[in-house]
Amino acid sequence: MCTADLRDRPAVRAQLAGYQEAFRFWLRTERTDHGFRWLFEHRPGLEAQLRHLMKNESECCRFFEFELQSAGDELIWLIRGGSAPATLVDEFANLPHRLREHGSDEAGIVAIKAHAQSSGLLFAADEVARR
């Protein structure tokens, strides 16, 4: 379950915009046995930006495990699925494409959330609202 407060639209837009900025330097996605890795061009300031995104994600989606490595002219963000269903891991791996397709505005947030929900992600804020 994701504990992000999606009602805090400025924070959600900022996180998605941070991803969009980082994905300008995204090279490719590679699948691993327990998840995937995003490979990025090693650019000044990008490592700090990726660490900030990782920190935010690890606070709300504790079922993922994150690690950032530097390898020559590339930064490698490792994502392990932990207890997450494979469909959710696959959906998160597709985030560069989803952001390109939908953007980070209000309609993009709704579309990206719908994709995540269809892959099995539950949002704590939705569960509380149902009660």
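Counting from 1, the numbers follow the sequence of the chain as shown.
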All heavy atoms of Ala71 vs all of Ile76, minimum pair found to be CB-CD1, 3.8 Å
Heavy atoms only: give me the nearest Ser83-Phe63 pair and the separation to one decimal. OG-CB, 3.5 Å
Take the angle between the ring planes of Trp26 and Phe23 and call it parallel below 30°, perpendicular above 60°, tilted in between. perpendicular
Which value, rounded to the nearest 0.5 Å, describes the distance between Lys55 atom NZ and His52 atom NE2? 7.0 Å
Quick check: is Met54 connected to Trp38 through a chain of hydrophobic side chains (ILVMFWY, heavy atoms under 4.5 Å apart)? yes
Quick one: pull up CD in Glu59 and SG in Cys2 and give me the separation to the nearest 0.5 Å. 11.5 Å
Ignoring hydrogens and angles, write down the donor-acceptor pairs under 3.5 Å from the side chains of residues 84-98, residues two or more places apart or on other chains.
residue : atom : partner : partner atom : Å
Thr87   : OG1  : Ser119  : O            : 2.5
Asp90   : OD1  : Arg31   : NH1          : 2.9
Glu91   : OE1  : Arg98   : NH2          : 3.1
Glu91   : OE2  : Arg98   : NE           : 2.6
Asn94   : ND2  : Asp90   : O            : 3.2
Arg98   : NH2  : His115  : ND1          : 3.4

Note: Lys113 and Phe123 closest approach over all heavy atoms is CG-CE1, 3.6 Å
dist Arg24:CZ -> Glu41:CD (nearest 0.5 Å) comes out at 9.5 Å
More than 12 heavy atoms from other groups under 6.0 Å of CZ on Arg28: yes
Any residue meeting side chain to side chain contact (heavy atoms under 4.5 Å, CB included) with Glu47, in chain and number order, not counting sequence neighbours: His42, Arg51, Leu68, Leu75
Calculate, to the nearest 0.5 Å, the distance between atoms CZ and CD belonging to Arg62 and Glu57 respectively. 12.0 Å
As a quick check of understanding, evaluate side chain to side chain contact (heavy atoms under 4.5 Å, CB included) for Phe66 and Leu78, giving each step before the final call. CA-CA 6 Å; Phe66 302 113; Leu78 297 163; over 6 Å; no
Give me the atom names and distance for the closest heavy-atom approach of Ser104 to Ala17. CB-N, 4.1 Å
To the nearest 0.5 angstrom, please state how far the CZ atom of Arg43 sits from the CG atom of Leu50. 13.0 Å
Close side-chain approach of Leu46 and Gln49, heavy atoms under 4.5 Å: yes
Closest non-hydrogen atom pair between Phe64 and Gly81, with its separation: CD2-CA, 4.0 Å
Spacing of CG belonging to Asp126 relative to CD belonging to Gln117, to within rounding of 0.5 Å: 5.5 Å
Of all the heavy-atom pairs spanning Ala111 and His102, show the shortest one and how long it is. CB-ND1, 3.5 Å
My understanding is that only residues two or more places apart in sequence, or in another chain, count here; which of them pass side chain to side chain contact (heavy atoms under 4.5 Å, CB included) with Pro10? Asp8, Arg13
Are the side chains of Ile109 and Leu6 in contact, using a 4.5 Å heavy-atom criterion? no
